[in-house]
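The shown structure was predicted, so the numbers you read here are calculated from the model rather than taken from an experiment. One-based numbering, in listed order, for ligands and for the atoms of each.
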Amino acid sequence: MIYISPSILAADFSKLGEEVARVENAGADYLHIDIMDGAFVPNISFGPCVVQAIRRQSRLLFDVHLMINDPQRYVDEFILAGADMITIHYESCEDPFALARYIREHDVRASIAIKPATSAEVLLPHLDELDMVLVMTVEPGFGGQAMIPETLDKVRTLRREAIACGLRLNIEVDGGVNEETIWRCTAAGANVIVAGSAIFKGSRPRAVMQKMRAEAAAHTFMG
Ligand code: DX5
Ligand code: ZN
């Protein structure tokens with residue numbers, strides 16, 4: 001099953017509620033919410049109060065991507081704000097797997113992200129403890145970048161391992177995904193697709209997502 005998760009980083013923040021409704025009505029599955037602290041990544045976005053505000057307006061699954069140092073300081077706030085799934089970065093804290101356990105204990109789905117330079121091997125022994133893994137297909141920090149195709153080798157490694165272990169793991173890709181590049185991601189084994197610019201910057205989000213789903217269906221993982 002393919003899930004499309006539009007990233008609100010590319011939305012018009014002056015009318016965020018309308019922007020969320022626009023992609024929800026156009027058929028999005030999740031809403032990808034990028035939290036940046038200006039330290040783990042060289043950009044600042046917004047915090048839990050924004051998540052809480054849009055929570056009141058949307059029934060989408062909130063896919064919260066924490067690009068912040070020491071995320072253990074803030075996960076409670078994001079849980080309270082209405083996150084359904086929280087992704088923390090492997091590189092951002094001492095024991096990401098313990099934090100993932102903590103998140104799951106609070107009935108929120110847990111996921112761990114790896115930056116382009118981080119090997120997939122660090123996640124392999126822990127796949128059964130996670131609801132999802134996120135393979136960054138660009139350096140985290142900014143929307144609108146071009147995908148780094150080599151990162152998809154890690155998606156392939158993770159999908160093979162999940163299958164070998166009999167796990168229905170969700171594998172998310174984030175960065176530079178659009179109608180032209182999605183096929184590479186799904187062929188490599190990704191099934192949760194983040195897209196910011198591709199969905200929010202145009203006027204036809206429904207058509208974009210339909211095209212993405214068609215491309216995904218035509219390019220599935222073959223081993
Ligand atoms: C980048 C963020 C992404 C970003 C994707 O650090 O994690 O979610 O919004 O934007 P696009 O789809 O424009 O590359
Ligand atoms: Zn993201």
Side-chain angles (χ1 to χ4, degrees), residues 2-13 16 19-20 22-23 26 28-48 50-51 54 60-69 71 74 78 83-92 96 109-118 131-152 154-155 170-186 190-205 208-209 211-213 215-216:
I2 296 288
Y3 301 97
I4 297 185
S5 192
S7 166
I8 58 168
L9 196 63
D12 180 343
F13 290 171
L16 196 48
E19 289 280 82
V20 171
R22 187 160 75 95
V23 295
D29 301 296
Y30 297 175
L31 191 70
H32 188 81
I33 305 177
D34 286 308
I35 309 296
M36 304 179 178
D37 65 355
F40 181 72
V41 289
N43 192 10
I44 298 176
S45 58
F46 43 77
V50 172
V51 179
I54 53 177
L60 289 172
L61 184 143
F62 277 15
D63 163 23
V64 175
H65 178 193
L66 297 184
M67 287 165 276
I68 64 177
N69 282 331
Y74 290 104
F78 286 101
D84 297 296
M85 174 152 68
I86 296 182
T87 297
I88 52 173
H89 265 266
Y90 176 79
E91 307 85 359
S92 69
R109 299 192 209 177
S111 154
I112 296 185
I114 49 174
K115 297 207 281 187
T118 303
D131 297 292
M132 187 174 83
V133 295
L134 166 51
V135 175
M136 288 303 303
T137 41
V138 297
E139 284 299 335
F142 299 92
Q145 305 180 71
M147 176 181 291
I148 304 169
E150 295 75 24
T151 56
L152 297 174
K154 296 190 284 185
V155 173
N170 286 311
I171 303 180
E172 184 173 57
V173 283
D174 183 7
V177 187
N178 54 41
E179 300 116 292
E180 276 74 50
T181 58
I182 185 174
W183 71 270
R184 290 171 170 248
C185 307
T186 55
N191 72 310
V192 183
I193 308 297
V194 177
S197 320
I199 294 175
F200 276 104
K201 296 295 186 201
S203 58
R204 305 182 65 221
V208 171
M209 285 190 269
K211 175 84 191 304
M212 290 176 95
R213 287 187 205 281
E215 285 291 311

Short list, please: which atoms of ligand 1 are under 4.0 Å from a heavy atom of [X]?
{"X": "His32", "result": "8 (O)"}
{"X": "Met67", "result": "6 (O), 7 (O)"}
{"X": "His65", "result": "7 (O)"}
{"X": "Pro140", "result": "6 (O)"}
{"X": "Ala195", "result": "12 (O)"}
{"X": "Leu9", "result": "9 (O)"}

Open item on the list: How wide is the angle at the Zn ion (ligand 2) spanned by Asp174 OD2 and Asp34 OD1, rounded to 10 degrees?
Closed with: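 Between OD2 of Asp174 and OD1 of Asp34, the angle at the Zn ion (ligand 2) is about 170°.
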Open item on the list: Given the Zn ion (ligand 2) as the apex, I'd like the angle to NE2 of His32 and ND1 of His65, rounded to 10 degrees.
Closed with: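 Value returned, to the nearest 10°, is 100°.
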TODO: Would you check whether Gly144 has a nitrogen or oxygen atom less than 3.5 angstrom from a nitrogen or oxygen atom of ligand 1?
DONE: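 N/O-N/O distance under 3.5 Å: yes.
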Starting from [atom], which protein heavy atom do you reach first, and at what distance in Å?
{"atom": "atom 10 (O) of ligand 1", "answer": "Gly143 CA, 3.5 Å"}
{"atom": "atom 12 (O) of ligand 1", "answer": "Gly196 N, 2.7 Å"}
{"atom": "atom 3 (C) of ligand 1", "answer": "Asp174 OD1, 2.9 Å"}
{"atom": "atom 13 (O) of ligand 1", "answer": "Ser197 OG, 2.4 Å"}
{"atom": "atom 14 (O) of ligand 1", "answer": "Gly176 N, 2.8 Å"}
{"atom": "atom 1 (C) of ligand 1", "answer": "Phe142 O, 3.6 Å"}

Less than 4.5 Å apart, any side-chain heavy atom of [X] and any of [Y]?
{"X": "Arg109", "Y": "Met132", "value": "no"}
{"X": "Met67", "Y": "Ser45", "value": "no"}
{"X": "Val23", "Y": "Ile4", "value": "no"}

Open item on the list: Please work out, at 4.0 Å between heavy atoms, whether the side chain, the backbone, both, or neither of Ser7 comes within that distance of ligand 1.
Closed with: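 Only the side chain of Ser7 comes within reach of ligand 1.
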Task: Atom pair NE2 (His89) and OG1 (Thr118), whose distance is rounded to the nearest 0.5 Å - done: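 So the NE2 of His89 and the OG1 of Thr118 are separated by 9.0 Å.
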- [ ] Mind checking the CZ-OG spacing from Arg22 to Ser203? Nearest 0.5 Å is all I need.
- [x]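 Arg22 CZ to Ser203 OG: 7.5 Å, rounded to 0.5 Å.
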TODO: Return yes if some donor-acceptor pair links the side-chain N/O of Thr137 with the main-chain N/O of Asp174 below 3.5 Å, else return no.
DONE: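 Such a contact is found between Thr137 side chain and Asp174 backbone.
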Task: Donor-acceptor contact present, side-chain Asn43 to main-chain Gly141, <3.5 Å - done: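 Here the side-chain-to-backbone pair exists.
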For ligand 1, is [X] a contact, meaning one of its heavy atoms is under 4.0 Å away?
{"X": "Met147", "value": "no"}
{"X": "Gly175", "value": "yes"}
{"X": "Gly141", "value": "yes"}
{"X": "Met36", "value": "yes"}

Task: Ala195 versus Met212, closest heavy-atom pair with distance - done: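 Nearest pair, atom of Ala195 first, then Met212: CB-CE, 3.8 Å.
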Task: Minimum-distance pair of heavy atoms, taken over all atoms of Ala198 and Val177 - done: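 What the structure gives for the nearest pair is CB-O, 3.6 Å.
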Task: side chain to side chain donor-acceptor pair (under 3.5 Å) evaluation trace for Glu172 with Ser111 - done: CA-CA 9 Å; Glu172 184 173 57; Ser111 154; 5.2 Å; no
TODO: Have a look at Ile8 and tell me which of Asp34, Val51, Ile54 forms a side-chain contact (heavy atoms from CB on, under 4.5 Å) with it.
DONE: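 It is Ile54; the other options fail the test.
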TODO: Look at the aromatic rings of Phe13 and Phe46 and report parallel, tilted or perpendicular, splitting at 30° and 60°.
DONE: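 It falls in the perpendicular class, over 60°.
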